[in-house]
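Per chain, numbering begins at 1; letters A, B, ... match sequence-line order.
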Protein chains: 2
Amino acid sequence: MGDTYAGKRRGRQREADRNDARLFQAAREVFAEHGWDAPVSEIARRAGIGMGSLYRRYPSKELLVQRMRIAGMEQLVAQARTALAEEPDPWAALVRFFRDALADQGTGGPLLPLVGGRLPATDEVLTAAEQLRAALDALVDGAHWAGVLRADFTSADIPLLLEHLTPRIPVTGERATALHLRYLDLALAGLRTPDPGQPTALHGTAPQWAELRDLWNAPES
Amino acid sequence: MGDTYAGKRRGRQREADRNDARLFQAAREVFAEHGWDAPVSEIARRAGIGMGSLYRRYPSKELLVQRMRIAGMEQLVAQARTALAEEPDPWAALVRFFRDALADQGTGGPLLPLVGGRLPATDEVLTAAEQLRAALDALVDGAHWAGVLRADFTSADIPLLLEHLTPRIPVTGERATALHLRYLDLALAGLRTPDPGQPTALHGTAPQWAELRDLWNAPES
DNA sequence: ACCTATCGGAGCGGAGCACTCCGCTCAAAA
DNA sequence: TTTTGAGCGGAGTGCTCCGCTCCGATAGGT
């Protein structure tokens, strides 16, 4: 986001800024499509810059991925806050959040903070995860308070549900997003508080944030 | 399945049969975990056999994968027929089928006929796909006829929905299955015919079987 | 005891990747 | 205009990993 006041940089520095933005977007897309196995050269190619420029900004692939997953978590936080701020109804806010998150994924963000439990947790990652937890808790607590969200669905379910709704399929672009939203529609119906007639608890035990942490980060070395 | 009357083969042939079964199971598990990128050597290792024996049965990785995806489709067919035969209620049959399919995936089958649109369609694959279509049509038509399944959900939605419910997550075994079943519970609620008050059509256009075929098979060479 | 079908796994060849290195570009200084 | 050097692009390098082959070891049948 606005880490530089992009004001009066000129010439080559201007080009550097453009490169940075393109690089960021390309990395989002390519990692979203190929996961950790995305070739760095493909990112450079799609960004229209050279390998040298890429490696000047990010000295290793690992650093690039760490930056991306932090950005992904921060975007989820922003989307949660926006939904909460702009939708007065708690249920509408929840729906809005899921739709925004999925649509963004469709246009190619690795919004899923999972790069597969392959990378160690840095302080930045843990901080972002903590903010994500807070933002999702706000969404979920609001809906629970209003009684519209089933009680056995927790904030830690959200990242897992998003993961389930955005599998890697050999389709990209708008059609992929449409399919993701299609099955989100099904899941949303299941999120409403069920009629008292049928208790129908969800399968399994509710996930905890500690479980997500273990799942997102590599076991410490 | 019972392709050989496993009767009176002895000695080395007996070992060969054991190897075949172990190989099959190991391949299911490893492909389920790693997809196409699963190393063949890992399959041999987990089956407890040598590379030589593996390659005598399947002269190439591609043939092995083709066999696996056909087996995956045939198993779905069997599960659909079992559900239909054993559950008189159409809704119960549908639920039974989804649960069986997901549980089997958890114990490690590449039941998803997608290996990623990487392989050409053989006659066998097309035949299996046709049988799968017929079996799923029977399930879906029954539920539609009874009015319990929302009208805009089609049989071609099922493979895609299963794919959405079984993403690759860095968790395996029972916990993975439990999570898949957990979010299946949400989707099932969305599959019921909605109250007439809210039309609430699903997002996107319903998938067609032709779309699945294009998605499962590599573009012809 | 011999034969041979079958087994296991070390090793080969090549593909692909992260990363480096260096010649070039071009805006700005002189 | 000439000089300069920060910043650029991408070919090349070294390495890892994987599909597949080859052949010596193994053991059931006779």
Problem set entry | Spacing of H34(B) atom NE2 relative to dC17(D) atom P, expressed in whole Å | 13 Å
Exercise. Among all residues two or more places apart in sequence or in another chain, which pass the side chain to side chain donor-acceptor pair (under 3.5 Å) test with E124(B)?
Worked result: none
For this session: Specify the separation, in whole Å, of atom CG of L54(B) and atom P of dC22(D).
Result: 17 Å
Problem set entry | Interatomic distance where CG belongs to L119(B) and C1' belongs to dG19(D) [whole Å] | 15 Å
Seminar exercise, completed: Exactly one candidate in R28(A), E29(A), R22(A) meets side-chain hydrogen bond (donor to acceptor under 3.5 Å, both in side chains) with Q25(A); the answer is E29(A)
Exercise. What residues form a side-chain contact (heavy atoms from CB on, under 4.5 Å) with V40(A), not counting sequence neighbours?
Worked result: M51(A), L54(A), Y55(A), K61(A)
For this session: Using salt bridge (Lys or Arg N to Asp or Glu O under 4.0 Å) as the criterion, list what pairs up with E33(B), not counting sequence neighbours.
Result: R46(B)
For this session: Could you list the residues that satisfy side-chain contact (heavy atoms from CB on, under 4.5 Å) with L119(A), not counting sequence neighbours?
Result: W36(A), E62(A), V65(A), Q66(A), R69(A)
Exercise. Excluding sequence neighbours, so at least two apart, what forms salt bridge (Lys or Arg N to Asp or Glu O under 4.0 Å) with E87(B)?
Worked result: R96(B)
Problem set entry | For A134(B), side-chain contact (heavy atoms from CB on, under 4.5 Å) partners two or more places apart | none
For this session: Output all residues satisfying side-chain contact (heavy atoms from CB on, under 4.5 Å) with D152(A), sequence neighbours left out; order by chain, then residue number.
Result: R150(A), A201(A), L202(A)
Problem set entry | Nearest-angstrom distance from the residue atom OH of Y58(B) to P of dT21(D) | 17 Å
Exercise. Looking at the side chain of S60(B), which of dC17(C), dC20(D), dC7(C) is the nearest nucleotide?
Worked result: dC20(D)
Exercise. Is R56(B) salt-bridged to D20(B), going by a charged N under 4.0 Å from an acidic O?
Worked result: no
Exercise. Mind checking what makes salt bridge (Lys or Arg N to Asp or Glu O under 4.0 Å) contact with R133(B), not counting sequence neighbours?
Worked result: D137(B)
For this session: Scan residues 35-46 of chain B against DNA chain C and write down, sorted by residue number, each residue with any heavy atom closer than 4.0 Å; if none is found, say none.
Result: none
Problem set entry | Partner residues of R118(A) under the salt bridge (Lys or Arg N to Asp or Glu O under 4.0 Å) criterion, sequence neighbours left out | none
Problem set entry | Five-pair end axes of the helix from dA1(C)-dT30(D) to dA30(C)-dT1(D) and the angle they enclose, rounded to 10° | 0°
Problem set entry | Separation of dC17(D) C1' from K61(B) NZ (nearest whole Å) | 11 Å
Review item, nucleotides 9-13 of chain C N/O atoms under 3.5 Å of protein N/O:
| residue | atom | partner | partner atom | Å |
| --- | --- | --- | --- | --- |
| dG9(C) | N7 | M51(B) | N | 3.0 |
| dG9(C) | N7 | G52(B) | N | 3.4 |
| dG9(C) | O6 | G52(B) | N | 2.7 |

For this session: Figure out the CZ/P separation between R57(B) and dC20(D), and round it to whole Å.
Result: 17 Å
For this session: Report yes if a side-chain nitrogen or oxygen of R56(A) is closer than 4.0 Å to either non-bridging phosphate oxygen (OP1 or OP2) of dG7(D); otherwise report no.
Result: no
